[in-house]
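Numbers restart at 1 for each chain; the letters A, B, ... are given by sequence-line order, proteins then strands.
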Amino acid sequence: MPELPEVETVCRGLAGVLEGRRLARVLVRRKDLRIPFPPRFAESLTGRKVEKIRRRAKYMLLDLDDGNVLIVHLGMSGRMVVDSSGAPPAAHDHVIFTTDLGVEIRFNDPRRFGLMTLAPREGLEGHKLFRHLGPDPLTPAFTPAVLSAALKGRKTSIKVALLDQRIVVGVGNIYACESLYRAGISPLRKAGTIAGARAEKLVPAIKAVLSAAIAAGGSSLRDHVQPSGELGYFQHAWKVYGREGESCACLESQKVAKAGKAPLGRKGSSPKAAANKGKGVVRRITQAGRSTFYCAGCQT
DNA sequence: AACAAGACCTGCATGC
DNA sequence: TGCATGCAGGTCTTGT
């Protein structure tokens with residue numbers, strides 16, 4: 001489920017039920033998530049008050065009243081489900097928190113790529129999970145100059161580079177595709193060529209796509225992303241992701257432009273037209289083992 | 001150093 | 001119906 005907008009949405013949803021609350025009970029039902037739990041994890045958390053919920057990259061950070069931070073990553077399939085009904089645990093409910101008001105927050109993660117651990121708030125930026133991370137795209141620290149400096153000399157594709165959390169955090173497979181589409185940049189382009197005008201387009205495109213997704217409550221695929229159970233609806237705003245074979249908006253505008261000029265009728269298709277065949281249709285390719293969706297007509 | 005490929009794990013849709 | 005295959009929102013490790 002989670003790229004930056006989904007994690008942000010989950011943080012905001014959980015703030016209402018967790019901030020200022022004490023954890024009355026913590027139950028670990030399955031210990032083998034991506035990394036081992038620290039020793040006495042449940043005991044350390046029990047009785048602690050959650051002061052604040054923050055996000056760093058795709059991690060959720062719960063500041064506790066003992067100076068520690070509960071770090072949560074949702075992996076590919078993780079969810080935080082709020083339940084006040086006392087229903088029995090579902091399959092893949094690996095950790096269940098119960099607040100002092102009796103509300104349950106269940107960490108559910110079928111694939112178990114997620115993780116949960118504890119670390120001191122002091123010096124958190126130097127933690128193994130965080131020290132290599134690049135700038136958060138929604139902060140002023142993420143500028144075209146910063147991005148092009150990070151990409152300088154890199155021969156990998158811009159799509160693959162955007163997924164590299166050392167370059168910029170929070171952008172996953174969906175929003176990398178959507179950002180490149182919005183910026184009119186081909187996912188195949190070498191990362192090192194993103195500078196100047198291209199960086200000036202890409203950085204605002206990333207910020208705009210992520211902000212719009214947050215405003216929509218994230219994208220819901222198979223799961224609902226909000227702890228309230230509400231669905232995010234940004235998936236309806238995707239322009240290329242998951243749209244292989246569909247025509248891009250640029251196709252219509254091309255036709256309109258052509259109709260306006262309408263040169264003397266020329267039969268058959270010119271070599272140029274043949275080369276352009278299918279260019280206004282969304283393609284799917286594989287890069288670094290992941291699907292990339294783009295329009296070869298308007299992304300160069 | 002930078003990069004590609006493989007690994008981790010489960011569920012679901014598809015096609016035979 | 002059953003079975004095999006491929007695919008899915010992310011990172012981490014290994015080997016070149």
ask   = Would you say A:His92 reaches B:dG11's phosphate, i.e. side-chain N/O to OP1/OP2 under 4.0 Å?
value = yes

request  = For A:Arg166, report the nucleic acid contact type (base, sugar-phosphate, nothing); a contact means any heavy atom under 4.0 Å.
outcome  = nothing

key: Watson-Crick or G-U wobble mate for C:dA4, both contacts under 3.5 Å   = B:dT14

note = Rounded to whole Å, the CG-P distance (A:Asn108 to C:dG9) equals 19 Å

inquiry  = What I'd like to find out is whether the side chain of A:Leu14 reaches to under 4.5 Å of the side chain of A:Leu62, using heavy atoms alone.
reply    = no

request  = Return the nearest nucleotide to the side chain of A:Lys58; candidates are B:dC9, B:dC3, C:dT11.
outcome  = C:dT11

ask   = Any sub-3.5 Å donor-acceptor pair from A:Asp136's side-chain atoms to A:Arg56's backbone N or O?
value = no

ask   = Does a side-chain N or O from A:Arg34 land closer than 4.0 Å to OP1 or OP2 of B:dC9, or not?
value = no

request  = Give, for atom NE2 of A:His94 and atom CG of A:Leu115, the distance between the pair rounded to the nearest 0.5 Å.
outcome  = 12.5 Å

note = Rounded to whole Å, CZ of A:Phe107 lies from C1' of B:dT10 at a distance of 14 Å

request  = Name the pairing partner of B:dA5, where a pair is Watson-Crick or G-U wobble with both distances under 3.5 Å, or state none.
outcome  = C:dT13

inquiry  = Does a side-chain N or O of A:Ser291 approach OP1 or OP2 of C:dC7 to a distance below 4.0 Å, or not?
reply    = no

remark   = Atom CZ of A:Arg56 and atom P of C:dG10 are separated, to the nearest Å, by 16 Å

task = To the nearest Å, give me how far apart CE (A:Met76) and C1' (C:dG10) are.
result = 6 Å

request  = I would like to know whether A:Arg112 and A:Asp32 meet salt bridge (Lys or Arg N to Asp or Glu O under 4.0 Å); could you show each step before the answer?
outcome  = CA-CA 8 Å; A:Arg112 307 204 313 281; A:Asp32 52 343; 3.2 Å; yes

query = Could you state the CG-C1' distance from A:Leu133 to C:dC12, rounded to the nearest angstrom?
reply = 13 Å

query = Would you say A:Glu19 and A:Lys52 make side-chain contact, with heavy atoms under 4.5 Å?
reply = yes

key: Nucleotide C:dT11, atom C1' - distance to CZ of A:Phe130 in whole Å   = 13 Å

message = By the 4.0 Å heavy-atom rule, please label A:Ile35 as base, sugar-phosphate, or nothing.
response = nothing

ask   = A:Arg284 side chain N/O closer than 4.0 Å to the phosphate oxygens (OP1, OP2) of C:dA8?
value = yes

task = Could you check whether A:Phe234 gets within reach of a base, just the sugar-phosphate, or nothing at all, counting any heavy atom under 4.0 Å?
result = nothing

request  = Could you please name the option among B:dC3, C:dA8, C:dT11 that lies closest to any side-chain atom of A:Tyr59?
outcome  = C:dT11

query = OP1 or OP2 of B:dA2 sitting under 4.0 Å from any side-chain N/O of A:Lys155?
reply = no

request  = Have a look at A:Arg290 and say if it touches a base, only the backbone sugar-phosphate, or nothing, with a 4.0 Å heavy-atom cut-off.
outcome  = base

key: Nearest-Å distance for atom pair CD/P, residues A:Gln287 and B:dC3   = 14 Å

inquiry  = Under 5.5 Å centre to centre and under 30° between planes: does that hold for A:Phe113 and the six-membered base ring of B:dC8?
reply    = yes

task = Compare side-chain N and O positions of A:Ser77 against OP1 and OP2 of B:dC9 and report whether any pair is under 4.0 Å apart.
result = no

ask   = Does the pair A:Tyr233 and A:His236 meet the rule for a ring-ring contact (aromatic ring centres under 6.0 Å, His included), with working shown?
value = CA-CA 6 Å; A:Tyr233 51 88; A:His236 304 299; 7.5 Å; no

request  = Please state the P separation for the pair C:dT14 and B:dC9 - nearest whole angstrom.
outcome  = 15 Å

Check: C:dA8 base within 3.5 Å donor-acceptor of A:Arg111 side chain = yes

query = Should A:Val50 and A:Phe97 be marked as a side chain to side chain contact (heavy atoms under 4.5 Å, CB included) after you check the CA-CA gap, both sets of side-chain angles, and the distance that decides it?
reply = CA-CA 12 Å; A:Val50 178; A:Phe97 304 94; over 6 Å; no

request  = Nearest whole angstrom, please: distance from the C1' of C:dT13 to the NE2 of A:His132.
outcome  = 13 Å

query = C:dC12, B:dC3, C:dA8: which one has an atom nearest the side-chain heavy atoms of A:Tyr241?
reply = C:dA8

key: Residue-phosphate contact under 4.0 Å: A:Gln165 side-chain N/O, C:dT11 OP1/OP2   = yes

